[in-house]
Each structure stands twice: as C-alpha cells, then as structure tokens.
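The chains referred to below are lettered A, B, ... by the order of the sequence lines, with proteins before strands, and numbering in each begins at 1.
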Amino acid sequence: MSWNRVAVVGAGLIKMGELFDQSYEKMAAGAFAAAIESVDKGFEPTQVDAAFVATQRGTLWGQEGISGNTIPTAIGLAGIPCTRIENACPSGSDAFRVGAMAVASGVHDVVLVIGVEKMRDKSTEEGLLSRAASGHPIFTRGETAPVLFAPFATRHMAEFGTTREMLASVAVKNHYNGARDPYAHFQNEITIDDVLRSAPVCHPLHLLDCCPQTDGAAAVVLVSADRAHEFTDRPVYVAGFGVATDHPYLHEKDSFTEIKATRLAAARAYSMAGIGPNDVDCAEVHDCFTITEILDIEDLGFVEKGRGGIASLEGETSLDGRIPVNTSGGLLAKGHPIGATGVAQITECWWQLRGQADERQVDIRNGFALQHNAGGRGSGVAVVNILTNRREGLG
Amino acid sequence: MTTVRILGVGTAAPGLRVPVAAINSAWDRRSGRGQVGVCGADEDSLTLAWDAATAAVRAAGLDPSEVAGLWWGTSTPPFADGPSHAVLANAIGTGPLGTLTSGSTHAGVDALLAASDAVAAGRVEVALVVASDALRPGPGTGFETRAGAGAAAFVLAASNGHGGIGSAWTRSKPLLDRYRGSGELDQRDLYDGRLFREEIFLPLVGAVVDDARTPGPSSWSVPDPDGRLGAAIARRTDAGEPASQAVYSAIGDTGAAAALFGAIGAFAHSGRVVAVGYGGGRATAIEFAIDAAVPGASDFAATLANGREVSYHKGLRVRGQMVPGGETIPMGVPPESALFARGAEEMLQLLGARCDDCGTINTPPSVHPHCIACGGPKLEAVQLARSGTVHTFVVNYTMPAPFEAPLPIAVVDLDDGARVMLQVDDDGDQLEIGRRVDLVLRKYAHERGVPVYGYKARPRRAPVGA
C-alpha cells in the first residue's frame, strides 16, 4: 500500500469498565455514536459503506460469535457488508488494518471499524477456567493469562537485572495517565509500593502488574484520503502497518526476553511508513502486564534490548519523557476489552496527533503515533499500526 | 516348579501427611501419635503406582519395553470400570499383558501371585507387579487415623535377581471386615471393633501366620489396620518388630500395597521374609528367599521420609470429602473429547516429533504437522527425555477450583534438546532458573468422573549439606 491513501476522520469510545448494565450491542452502538459525533464536518450513519468488527472471545464470554451480522442491526445499519475479524489480542488492531486495506483497494470509500468486547458477563472464575484448560488438553493446562507473560518477567529479571520496582514503575506511570483519561476503567494514581504490596497473582507478577478485565467498545471511521476533507480539515492518515506471527505455544519460543512477533511486525510497519522508532512522537502499546510494556518498548526499538525496565523507572516513557508510552493509561489503567483495545488505542493516537488529548497531550514534533498489540496463547501474533498527521512522508 | 526371581523393587509414598492429632482434634477425640499419608490433588493410586513401577524397572536395570506386562493390584483404581490398566501400562511403557486385580486390599498379593504364575508358566519372561492404594476412609471413622496411601512394585523373571518367591498360603472367611458398598466412595466403619478383632481379623490372619511361621523367617510384613492389631499378630510370629512397622508409622495403612511395601523394608539383607496380605475376607502369606540386597530396596527409607505436613481440612479437600457448594464450572476441554483421544498416547508416553531434516524435537506431535524450526513436514515420533533444566518459570496464585494454587509452571529444556512447558510437582519453593527436574506422571484433573494424567516437572532437591 502506498503512502497515506487512507484517512481517519472520526474516532471515539465509551467509558471503559465493568458495564453490567450494557449489552454487547448497546456498547457497540455507544462507540459508533461517539465516533460519528467526533467527525468535524458532520457524518450521517448511512454514509458507511462497510464495517469490520473486532470481537475476540465471542461465544466463550457469552456473547455472539457471529457479530459480523449482529453489529449492523445493533447500530441501525442492517444491510451493510460487515465481517468479524478475530486475531487474538490484536483483533482490534487487525480489524483496523483490514479496514484500511478495504479503503486503499478502492472497493469501499467509507469504512467503519468497531471493536467491542464483553469480558465481565461471566464470572472471573469461569473466565479463568476456560483459559486455564483450553488448547492442548495437557500442555496448556493451568495457563491463565498471566502465565503467558510471567515467564518473560522471570527471565528478563535474571538476564538484565530488571527489578520488581522497574516493573511497578510501568503500572504507576499508566495509572497516572489513566487518572487523566475520562474513558479509563481505573482513574486513580498508585505508587510503586502499592504495586509491590499488592497480592501475588502469578510470580513474579502481582495484582497491580496486571490489567483488569474490562467491558468496552471503540470505533473509528476510515475514508479514502482523497475524500478526507469532506469530513475534516485535520485528518489523520494511515502511514503504515505490519502484522507478524510466531509459534503459538510458549515452549516453542527461542527467547523469553523478547516478543518476536512484535519485532517483525514493527519492522514491516516502519518500512512501510518510511520511518524509524526515533521518529515516533508517542505510542500506545500492549501493556496487559507490566513486563509486556517493557518488552514492547525494546522490541519496537524505543530503547535498547534489556533497558526497558530502567528506562521506565527513569521516566523515559512518561508524558513528558523522551518517548511517551500509553498516554491513555494503557491496558493497565484504561482496561483491556480485547476486541475494542486496539481501536481504543488508535482513538488515543488520533487525539494526540490532532492535539485533543487535554491533560495527556504530548509534544507532537514529527507527526507520528504508533499503536501496537501482541497476543495469542504465547504472543503468537502482533500488529503495529502507524498513524500520522502529515499528508506527505518524511523527505 | 520354577522359582520366580525378583530383579528389582520400587516404592512410592504420597506427597502429603496429616497428623493423627489433627484428625482426632477435629472430632473432639483424645490426641494421638503418628501421621497418615494422603495423596495431593494431583496424585492417586495410579500415579503412586507409576512412581513405584518406574523406580522398580530402573532398579532392575531394564527398559520398560523389555517388560511383557503389568500386574496391578489396588482396591482404589481410578476407574471402577474403565481403562485404568491401559493408562498405567501405557504411561510406564510396558507391554499390554497382565491384569488389574481389585475388589479388596487383598488385591496386591493377588497381583503378585498372578504375575508369579505367569512367569513360572513361561508365559512371560519379565513381569511387572505393582500394588498401590489411596484409601479413602469415611470422615470421622475409627480408621481415619490409620488409612493411608502408597505403592510397592516388583520386577519378576524366571532367572537372575537377588531373591526368589517361595510358597504361599491363602485362607478365607466369608465375613465383612471394612468395606465399600457398590458405588460408595468412602470405606465404611466397622460395626463392632471387638467382633472384628476376635472373630474376623485375628483368626484369619493368625491362621496364615501359623501356616508360614516355620522355618522361622527373619522378617515379617503384617497388616496393622488400627495400630494395635499388628502388635497382636507380631506376637504370634515369635519375631521382633515387623519390617512393615516403618511403613505404618510413616504413611499409615497402604491397603493393597501394605504387604509388599512392608516386605521391601526387609529386602536390603539376605534372609527369609514373609509378607501377609489381607482384605475382603481373605488372607495370604507369601515367603521370599532373599540372597542379597534387592536392587531398589535401599530407597525404602527415603521414600517414607518425604512428604509435607498439611492440615486435616486440606486432607479432606484433596480427597474430595470437603467440596465447595454452588455450581461447578466445567473445563474448556471435556476429558472424553476428541482432543484427548488424539493426545492420549503422546501424553502418557511423553512423545515428541523429531524433524528428519533439522533434528528439532517438536512437542506435542498432534499439533505439529510441520517442524517449528525449519517448517519441514517429515517428522518421526520419539520418546522425550525424562529430565531437564528449568529455563524460566512462574508460580500461579490465581487458580480456580479444581486447580490447586499455588501452581508453579516451568519451561524446561529437556536433556535431548526438546523444550516443554509443564506444571511443577512442588509448591515452587525449590524452583529457580537452572534447577534440574525429573518428569513424573501426575493427575492433572478429575472432571465428570474422568481422571486426566500427564507429566509434571519435579525439582531435584538440593544435595543435603550443599
């Protein structure tokens, strides 16, 4: 795909949280309303040519696994083409990429990407158990979500001297940002001591090293770049994207100090955008656990391999740091409604690039924001999307 | 008649110990001494049998593939009607011959006699006998302070070895002793303890002791189901303390395993040893002529010394006698499903798929039609190494029932170069990167009446004094 053929002209989300009072359909409708509301020059729902919906757990969490045909009715657009995209934790990011390709191909001019996930309709125990006994009947038994990332923490600590304080600094920073994000699930600040003293969940990770289970939805409107100015004078463009896979089971990993899929996906996205990590002004990355963000900032090239922990502790990724990361509060504070997560991250990037992030606004020098998710049983897939407010690429 | 020889023996004890005082305190009874062995949530009569059997085969210096069949005696098979024998034989790696004897705690000596007959008849060259039990007394019953768990295994052949099996004497009396009715999980208490002692136990067991007492054995293994009857029987043997006493003191009544387990306690030296099996209205005395220390017998004391003390309610919980109310949440993968049919043999035999092109070992084979390293499609099933080194690990504290938390999980680099991720058979205290581990068969889950078995990584203890 050549440079900047697709523009984001609207983006929005609903307040994340434990939304017992909202159905899957109602959350989707709320996100859609927020997205069209955000379009500067107005937007009629009927202008949507096609939709891609991201929901990861589907029937396992008690919601429709057939949301490709559930969502159009829920948002009042029955009849439009709509397809569900499932690609583990990056489902929302990947739906965005697929939506961008649909616009870039010329097949559709206006595409809605909507991510929605119900995490809390089933009890924590039931959710845990279905995770703990899925996949191969024996090799994966006992693998709740923290088990998929804690082995990386154990190894990163052993090889690079990363400490629990360094891990905790990620949660402290993201809760600080979340406290300034009206859409975040958690809007309270915490201290390093709070993290260290929280209950052990999966050694070496404690409760505040882990993201919550969150209900939520987010939506963005993509249009062909040629038509962007019909909708806004401040469009944000899709500069590049990359997807990569890796072996799905943890025991197949060569290394427990990197997420290989992230490294491969980032290389593809940087190459497509014609930029490098130093050109990125801010990033929304996958921080399902504190260790994950430390691996991310290394594997995305923001800091040297092994320096993720110390860089976090020293504030390099804070709002006023060298490379602000997870200004929205990240998964740790904003929440991780899986299918919605990537789309919500893109919304934050959109706000940052348009100067609309209020207290969280960072200095946009080069005009690039990066969005990333990794997931699957053992981080078997990663997606990186790069957005820009520049119509043209770097010289 | 061919003398059947003993090539090696093995023993196993469960992971947990409940103090007798804790049991008595729960029922407002006077304190007591000693302890009983209780299976952890991932142990049962099958995993105990696997532990003892693999130890015996190793002690005999054999590969499991050289063993024609398995003769297994237990009063508590994991299935009342089901593939108990096939699962165990598959996991040990023996041939398919043999039988499962059950129905009472006499089953252990039944298995030994049946295997011995098969060897003597020339039907098999090498037979593996294993007797195991994990007794489940009714809560509050008189013998709850005695009912334990354990396993003992013998490798038999027509020649070689360091000891032989001699004569056997069996008697029966069609009276109830302790029993479980059809479909009942807990052993019932006795109707009348005095009646049991005077009219059932002492006459029956005493008679076979009399049958076997000449020429005077150097050691005895005798039943002691309540902590007093053993002493009464021991007086009748005209010998000192029975070799079986150590087992009863450490882990209680091991049921079908008791006779053979106790006998192994006397197998470290030459002499005549008589083991008395008892249960279900039958008693059998078997004599062994030990020429020299039987391989594996020296592990007897170490087997009994291991074990972690836990509370009475923990013991009840792991035996399934204290269960949470409310709805049970089913597992994601039903144990009867096709996933298990595809995965059964690769799990029990611990198989990997070695790439013809690059040599990488992929695990498990059923989900790897192509090599993870080179993508090649030519893969050959191989047995994985049974020991390795911890590459990284976690300890999971947030496990819903039926999992038991904390649950350590480790990524292990096996000695053949394969990498696996397994649950750890330990509370995690011994875990660190670089720790050596051995793979042992354990029960992963028990759902819808189906036990599911697989391997766990057991950390090797740091050497004493190191």
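- Taking OG of Ser255(A) as the start and NE2 of His391(B) as the end, the distance is 6.5 Å to the nearest 0.5 Å.
- The side chain to side chain contact (heavy atoms under 4.5 Å, CB included) test with Thr154(A) singles out one residue from Ile433(B), Val411(B), Leu431(B), and that residue is Ile433(B).
- If you tally non-hydrogen atom pairs under 4.5 Å between each of Asn362(B), Thr360(B), Thr363(B), Leu407(B) and chain A, the highest count goes to Thr363(B).
- In Arg354(B), the CZ atom is not crowded: 12 or fewer heavy atoms of neighbouring residues, nucleotides or ligands sit closer than 6.0 Å.
- Summarising the local packing, CD of Glu18(A) is surrounded by more than 12 heavy atoms from other residues, nucleotides or ligands at distances under 6.0 Å.
- Rounded to the nearest 0.5 angstrom, Thr392(B) OG1 and His251(A) NE2 are separated by 15.0 Å.
- Counting heavy atoms from C-beta outward, Arg419(B) and Glu252(A) have side chains that stay 4.5 Å or more apart.
- Nearest heavy-atom pair across Gly142(A) and Asn396(B) is O-ND2, 3.4 Å.
- Heavy-atom contacts from other residues, nucleotides or ligands closer than 6.0 Å to CD of Glu345(B) number 12 or fewer.
- Distance check, rounded to the nearest 0.5 Å: CD1 of Ile409(B) to CG of Leu148(A) gives 9.0 Å.
- Qualifying salt bridge (charged side-chain N to carboxylate O under 4.0 Å, His left out) partners for Arg319(B), counting only residues two or more places apart in sequence or in other chains: Glu144(B).
- The most heavy-atom pairs under 4.5 Å with chain B, out of Ala158(A), Ala150(A), Pro200(A), Pro146(A), come from Pro200(A).
- You'll find the side chain of Met421(B) stays beyond 4.5 Å of the side chain of Tyr249(A), heavy atoms only.
- Side-chain rings of His203(A) and Tyr397(B) stay apart, their centers remaining 6.0 Å or farther from each other.
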